[in-house]
S.K.: 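Have a look at the structure that comes next, please.
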There are 2 protein chains.
Amino acid sequence: MSEPLLNSVDERDPASAEAPRPAGSLHEGLLVALRDFIVEGNLADGVRVPERALCERFNISRTPLREALKVLAAEGLIELLPNRGARVRELSPEDVRELFDVMGGLEALAGRLACEQISEAEFAEIERVHHEMYRFYLRRDMHGYFRCNQEIHQLIVAAAGNAALAATYAGLAGRIRRVRYSANLAKDRDRWGEAMREHEAILDALRRRAGSELSDILFLHLRNKRKAAQASA
Amino acid sequence: MSEPLLNSVDERDPASAEAPRPAGSLHEGLLVALRDFIVEGNLADGVRVPERALCERFNISRTPLREALKVLAAEGLIELLPNRGARVRELSPEDVRELFDVMGGLEALAGRLACEQISEAEFAEIERVHHEMYRFYLRRDMHGYFRCNQEIHQLIVAAAGNAALAATYAGLAGRIRRVRYSANLAKDRDRWGEAMREHEAILDALRRRAGSELSDILFLHLRNKRKAAQASA
DNA sequence: CTTTAAAAAAATGAATGCAAAATGTTCGGC
DNA sequence: GCCGAACATTTTGCATTCATTTTTTTAAAG
């Protein structure tokens with residue numbers, strides 16, 4: 001077995017390896033490619049990742065690869081054991097709990113800031129997606145619901161107009177991306193309805209520009225999401 | 001001029017360069033040393049930083065240095081221009097505003113979480129430092145006041161019992177460390193008194209384990225702190 | 001047959017080398 | 001004297017190489 005690390009990527013297709021490297025410096029493109037590669041689950045959890053294999057996978061030498069690994073380690077996506085290489089960081093239930101709470105705190109902040117300066121157009125867009133999500137809810141279309149749900153939260157963060165917040169949020173979102181979708185609402189119809197009601201409250205508070213209130217609702221909404229995710233895990 | 005980059009560090013004393021590199025891998029120690037080096041303001045803002053100079057400064061080759069630079073760039077402390085080296089990232093007033101708000105959001109979260117699970121011992125410790133701070137306030141000892149103030153906020157974050165939160169908070173704190181102390185309360189006696197009252201409210205809400213309320217107070221407290229910092233700038 | 005110790009192989013951490021890009025300098029033209 | 005182009009120097013980006021540590025293989029002893 002020459003490629004024990006690669007699960008789903010077709011090695012015979014070089015496009016998938018070289019396409020996500022646009023221009024700029026090799027390092028930057030590689031960083032994005034490697035991050036996606038890891039987030040998409042191409043590396044098994046906790047398994048040691050030899051640098052050589054990744055070098056061959058991305059057709060680069062070890063120097064830029066190691067630079068990228070250091071950055072990803074700083075981001076918390078992988079961990080670097082001294083003299084023992086890198087491994088994808090496994091998220092314990094405790095880690096997930098913590099990350100969800102921090103995401104909740106950041107969304108609470110986003111809601112508060114959004115109330116201060118959201119434009120009518122931005123609010124209208126959120127409202128539109130909200131109603132679209134509601135239609136998915138009525139049709140019990142979980143996939144569509146999820147997409148809208150994600151988009152709403154993303155729009156709220158964007159409406160906060162704070163690049164530092166958006167960057168921090170994106171960093172955490174990347175770390176829990178793999179477990180995030182495990183909040184299987186289909187298994188828990190009550191929770192789904194509850195989530196929908198929470199979203200109604202979110203929209204309502206945002207409409208009234210009630211910052212503190214929206215902040216509370218968003219945090220608790222994430223907290224409930226976390227509980228649902230952990231219950232189904 | 002052989003060392004145009006170094007402002008205040010005495011080149012003849014090698015201890016300051018090599019002491020902060022404990023054991024472990026060279027990279028990790030270097031990362032800490034470099035971060036401190038930058039945060040302490042040894043590199044002028046916006047000035048281009050040749051790798052060679054830093055290599056000589058820390059007595060290492062370019063490879064680990066470049067790895068460290070990539071990490072620091074990911075942290076937002078410096079920025080890497082393609083083929084043009086690194087420069088210390090200048091924080092615009094807008095950047096500072098954003099970072100303060102995110103810190104406020106994280107402290108708000110910390111307060112909320114602390115209310116959920118702070119121990120009596122932890123609360124007692126915060127209360128103790130609070131009273132110590134109050135004594136500094138009465139004596140108009142700004143230095144002592146600041147130290148206690150920092151410690152209280154740090155204790156609240158610690159009491160949240162969330163490592164991910166603490167790490168995120170620490171990352172942001174490092175980025176604004178240089179401007180944080182510019183909130184010169186001595187110039188604004190009213191603001192100082194107001195801050196002290198806010199701290200009373202913080203302690204009170206924490207005592208009552210009033211999460212949402214404490215969350216609000218902490219965010220607004222940081223917001224006011226930011227305004228004071230920007231007014232004095 | 002299991003366990004352990006030594007040696008071989010491989011992987012990591014760091015230094016050096018090399019090509020490309022950027023910066024600085026000099027020389028020529030106006 | 002000022003501006004612009006060609007050249008030299010410096011610096012960056014990446015590959016390669018070297019040394020050390022770790023892992024695996026191998027073999028021998030119990």
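Reminder, nothing fancy here: chain letters follow the sequence lines and each chain counts from 1.
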S.K.: Could you pull out every donor-acceptor pair under 3.5 Å between side chains of residues 75-91 of chain A and any protein atom, sequence neighbours left out?
M.R.:
residue, atom, partner, partner atom, Å
A/Glu75, OE1, A/Arg35, NH1, 2.6
A/Glu75, OE2, A/Arg35, NH1, 2.4

S.K.: What is the separation between atom CG on B/Leu65 and atom P on D/dG13, rounded to the nearest whole Å?
M.R.: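 So the two atoms are 11 Å apart, to the nearest Å.
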S.K.: Using the side-chain contact (heavy atoms from CB on, under 4.5 Å) criterion, which residues pair with B/Ala158? Sequence neighbours excluded.
M.R.: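 None.
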S.K.: Whole Å only: how far is the CD atom of B/Glu51 from the C1' atom of C/dG17?
M.R.: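 After rounding, the reported distance stands at 15 Å.
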S.K.: Please enumerate all residues that pass side-chain contact (heavy atoms from CB on, under 4.5 Å) together with B/Arg226, with sequence neighbours excluded.
M.R.: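 With sequence neighbours excluded, B/Arg226 shows a side-chain contact (heavy atoms from CB on, under 4.5 Å) to B/Arg97, B/Phe100, B/Asp101, B/Arg223, B/Gln230, given in chain and number order.
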S.K.: Please report, rounded to the nearest Å, how far the P atom of D/dT11 is from the CG atom of B/Leu69.
M.R.: 15 Å
S.K.: What is the distance, to the nearest angstrom, from the CZ atom on B/Arg66 to the P atom on D/dA15?
M.R.: 11 Å
S.K.: Take the protein atom CZ of A/Arg87 and the nucleotide atom C1' of C/dA11, then report the distance between them rounded to whole Å.
M.R.: 14 Å
S.K.: Indicate, yes or no, whether a donor-acceptor pair under 3.5 Å links the base of C/dA14 to the side chain of B/Ser61.
M.R.: no
S.K.: Quick one: side-chain contact (heavy atoms from CB on, under 4.5 Å) partners of A/Ala110, sequence neighbours excluded?
M.R.: A/Ile156, A/Val157, A/Ala160, A/Leu165
S.K.: In whole Å, I'd like the distance from the CG atom of B/Leu31 to the C1' atom of C/dG13.
M.R.: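 Going from B/Leu31 (CG) to C/dG13 (C1'), I get 15 Å.
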S.K.: Would you kindly compare A/Gly85 and A/Thr63 by the position of their nearest DNA chain C nucleotide and give the one closer to the 5′ end?
M.R.: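 On the 5' side of the pair lies A/Gly85.
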S.K.: Can a donor-acceptor pair be found between the side chains of B/Gln154 and B/Tyr169 at a distance below 3.5 Å?
M.R.: no
S.K.: Between atom CG in A/Asn59 and atom P in D/dC14, what is the gap in whole Å?
M.R.: 14 Å
S.K.: Of all residues at least two apart in sequence or in a different chain, which pass the side-chain contact (heavy atoms from CB on, under 4.5 Å) check with B/Cys148?
M.R.: B/Val129, B/Glu132, B/Met133, B/Phe136
S.K.: Just the atom pairs and distances: protein N or O near nucleotides 17-24 of chain D's N or O, under 3.5 Å.
M.R.:
none

S.K.: Between atom CG in B/Leu81 and atom C1' in C/dA22, what is the gap in whole Å?
M.R.: 12 Å
